[in-house]
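Before any comments, here is the structure.
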Amino acid sequence: MTTVYLDGKFMPMSEAKISPMDRGFLFGDGVYEVIPSHSGKPVGFLQHMDRLKKNLAEIEIKVTMSDADWRLVAESLMAENGNGCLGIYIHVSRGADITRFHAYPEHIKPTIFAFAFDIPETPEPDKNTVKGYKVVSAEDMRWKRCHIKSTSLLGNVMHFQNGQERGVHETILYNRLNELTEASSCNVFIVKNEVVATPPLDNQLLPGVTRNMLIDILRKEAVLEIQERIINMAEVRSADEIWLTSSSRGVVPVVELDGKQVGNGNVGDIWQLAQALFSAHKFDY
Ligand code: PDD
């Protein structure tokens with residue numbers, strides 16, 4: 001895992017250097033993407049590109065790279081780094097200035113960085129072999145622009161760390177109204193009486209590509225009812241199943257929330273069905 005891309009060039013990671021005056025470093029002033037790829041085939045590439053472009057436009061960073069240019073970068077990183085199960089990380093910061101001033105400087109060039117890292121293989125859709133996650137919950141203490149995939153991730157990092165210190169895999173988050181938002185690095189779904197639900201998109205959560213693909217697949221297959229709606233934490237606590245979704249982890253079943261078992265404490269049948277459909281269709285995106 002050593003070859004990275006920085007500002008138009010591929011190089012060993014040890015040779016990739018950026019300025020300490022880079023606004024990504026000083027302010028977390030940038031956006032990023034993580035694109036999963038299995039056996040050399042990216043998943044949801046164009047959806048990741050669309051989100052990247054939207055995010056860049058929202059924070060007014062101009063990048064001249066086309067989807068095809070990004071695709072070439074991703075493919076080179078896959079070829080250089082083994083073509084197994086990889087996350088392609090793409091990071092665009094506003095760039096380096098000569099001074100530290102909060103306003104967007106006019107004449108600096110964005111810093112563009114990309115590298116590949118190993119992600120887990122997609123699990124078999126088998127509820128008896130997959131390992132369910134344990135999670136805790138906490139009030140969402142992040143900012144009010146969680147729809148932007150910002151590199152300013154300290155709020156997420158602190159929530160994730162809280163979970164690590166409590167010996168679990170993730171922290172799921174709720175707002176002041178006790179409504180589910182998302183998790184520190186994933187979106188969240190619940191299942192009750194075979195109905196699947198996930199919070200609607202707004203400024204409180206990231207529009208996850210995996211979330212979007214899963215909803216689309218389940219709707220097209222029409223075997224389960226799927227709802228995007230406000231979900232309160234009482235519903236989360238009494239759900240039959242809870243799932244987390246993200247590009248690096250896919251669709252992950254949760255078996256324990258705040259020390260209490262989810263449903264009957266085992267991975268559920270609906271997860272197994274959803275995972276089978278997700279595995280069958282993920283390369284359609
Ligand atoms: N995390 N919500 C948050 C806060 C996230 O950080 C992520 C992804 C998601 C899921 O989005 P997607 O399905 O597009 O990956 C939801 C990435 C993988 C990360 O930061 O590593």
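Order of listing sets the numbers, starting from 1, for every ligand and every atom in it.
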* Structure fact -> For Lys54, the salt bridge (charged side-chain N to carboxylate O under 4.0 Å, His left out) test, sequence neighbours excluded, returns none
* Asked: Under a 4.5 Å cut-off applied to non-hydrogen side-chain atoms, are Glu170 and Ser184 in contact?
  -> yes
* Tell me the side-chain hydrogen bond (donor to acceptor under 3.5 Å, both in side chains) pairs involving residues 276-285, sequence neighbours left out? -> Thr122-Lys282, Asp216-Tyr285, Glu221-His281, Gln275-Ser279, His281-Asp284
* Structure fact -> Output for ligand 1, non-hydrogen cut-off under 4.0 Å, lists Tyr32, Val34, Arg51, Arg142, Lys149, Asn156, Glu182, Ala183, Ser184, Ser185, Cys186, Asn187, Leu206, Gly208, Val209, Thr210, Thr245, Ser246, Ser247, Ser248
* To do: Could you tell me whether Arg142 and Glu182 have a side-chain N and a carboxylate O separated by less than 4.0 Å?
  => yes
* Asked: According to the interplanar angle, ranging from 0 to 90°, do the rings of Phe115 and Phe117 count as parallel (below 30°), tilted (30 to 60°) or perpendicular (above 60°)?
  -> tilted
* Structure fact -> Hits for side-chain contact (heavy atoms from CB on, under 4.5 Å) against Lys149, two or more places apart or cross-chain, chain-then-number order -> Tyr32, Glu33, Arg51, Asn55, Leu206
